[in-house]
Amino acid sequence: MGLLSGAAQAQAVPSERIEAFVAVMAEHGCRMSPFHADEVMPGAGFDDKVETKAITEQLVNEERARILDGQLVVFGGACGGKLDYSGRERFFAAIADNNCVMTIDEAKLLLPRVGVEMTEVQLLMDKMLRMSEIRLSSDEKAVFLEESLCDKFKGLSPQMMASAPEAAVEPRSADALRADFIAYMQGVGCSLGRSEADRQLPAAGFTTKELRPVIGAMLRAGEAEMNVADDSLTISEELCPR
């Protein structure tokens with residue numbers, strides 16, 4: 001009943017009120033925490049929380065807003081044509097779609113795909129550790145994402161990739177694609193099941209269409225083996241030392 005009444009209220013909000021709300025958001029970087037909203041919105045003419053909730057719901061339903069990391073993020077209209085993501089959010093999404101853990105070698109391959117540089121992540125690392133958003137493995141070679149953040153950012157890396165500058169580069173050559181795929185497989189233990197592949201490979205910047213001939217050639221050359229019993233692909237020890 002609460003959802004239905006909220007939806008009805010959202011439909012009743014005039015479009016000019018919605019755009020005025022977006023304009024206020026734009027004055028504050030198109031991002032706002034609940035605490036910040038309580039400080040800003042009443043003075044901007046949005047002191048009715050029922051109305052602001054209905055506006056927020058309508059923007060989310062229209063895919064013009066998203067709740068990310070505890071903040072309302074708005075795009076479109078005065079906030080620009082599309083959602084932009086911070087380096088921190090891009091980093092979280094890359095880890096979340098890599099089973100919530102990332103090694104240094106995987107980071108070198110995956111982070112540029114989602115539009116964040118290693119140097120930016122290194123600058124943010126101390127703060128993220130202090131806030132318990134991430135933790136390091138005992139040998140400090142892997143980063144684990146906090147569980148609730150992993151759930152929140154899972155599935156977002158394809159959108160990060162689409163909005164990253166690197167998304168516009170020319171397609172990789174067959175040799176470059178093969179090298180990238182082998183490097184990725186080295187980072188995941190040289191073996192990958194179908195369900196893992198369906199989830200992880202797109203997040204790592206690979207498509208089924210481009211990988212099919214590469215994997216086929218590796219199978220024919222004895223560089224990879226398909227295990228029918230558990231539906232997994234394993235790279236040879238020569239290419240992927242155990």
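Just the heavy atoms: all of them, side chains too, but no hydrogens, waters or symmetry mates, feed the values below. Throughout, numbering of the chain's residues begins at 1 and tracks the sequence. Treat the numbers as computed from the prediction; the structure is a model and nothing was measured.
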Legend entry - Rounded distance (nearest 0.5 Å) linking atom OG of Ser191 with atom CD1 of Ile235: 8.5 Å
Inset, instruction - Would you indicate whether the side-chain heavy atoms of Leu59 and Ile18 approach each other to under 4.5 Å? - result: yes
Inset, instruction - Could you check if a side-chain atom of Glu106 sits within less than 4.5 angstrom of a side-chain atom of Val101, using non-hydrogen atoms only? - result: no
Legend entry - Glu238 atom CD, over 12 foreign heavy atoms within 6.0 Å: no
Legend entry - Met160 CE to Glu89 CD distance, which is reported to the nearest 0.5 Å: 6.0 Å
Legend entry - Contact check, side chains of Val22 and Arg64, non-hydrogen atoms, under 4.5 Å: yes
Legend entry - Heavy-atom side-chain contact between Glu223 and Arg178 under 4.5 Å: yes
Legend entry - Cluster check Phe144, Leu156: I/L/V/M/F/W/Y, side chain < 4.5 angstrom: no
Inset, instruction - Find the distance between CZ (Phe46) and CD1 (Ile55) and round it off to the nearest 0.5 Å. - result: 5.0 Å
Inset, instruction - Side-chain contact test, heavy atoms from C-beta onward, threshold under 4.5 Å: evaluate it for Leu109 versus Met102 and give yes or no. - result: no
Legend entry - Value rounded to 0.5 Å, distance of CG in Leu149 from CZ in Arg88: 7.0 Å
Inset, instruction - Please say whether more than 12 non-hydrogen atoms of neighbouring residues, nucleotides or ligands are located less than 6.0 Å from CD in Glu225. - result: no
Inset, instruction - Working to the nearest 0.5 Å, report the span between CD of Glu133 and CZ of Phe92. - result: 4.0 Å
Legend entry - Any side-chain heavy-atom pair of Phe21 and Thr56 under 4.5 Å: yes
Legend entry - Separation of Phe153 CZ from Ile95 CD1 (nearest 0.5 Å): 10.5 Å
Legend entry - Donor-acceptor pair, side chain of Glu147 and main chain of Cys100, under 3.5 angstrom: no
Legend entry - Whether Asp48 side chain and Val50 backbone form a donor-acceptor pair below 3.5 Å: yes
Legend entry - Donor-acceptor side-chain pairing of Gln186 and Asp105 below 3.5 angstrom: no
Legend entry - Validation row: Leu201, Leu192 side chains within 4.5 angstrom (heavy atoms): yes
Inset, instruction - State, yes or no, whether a side-chain contact exists between Met25 and Leu72 at a heavy-atom distance under 4.5 Å. - result: yes
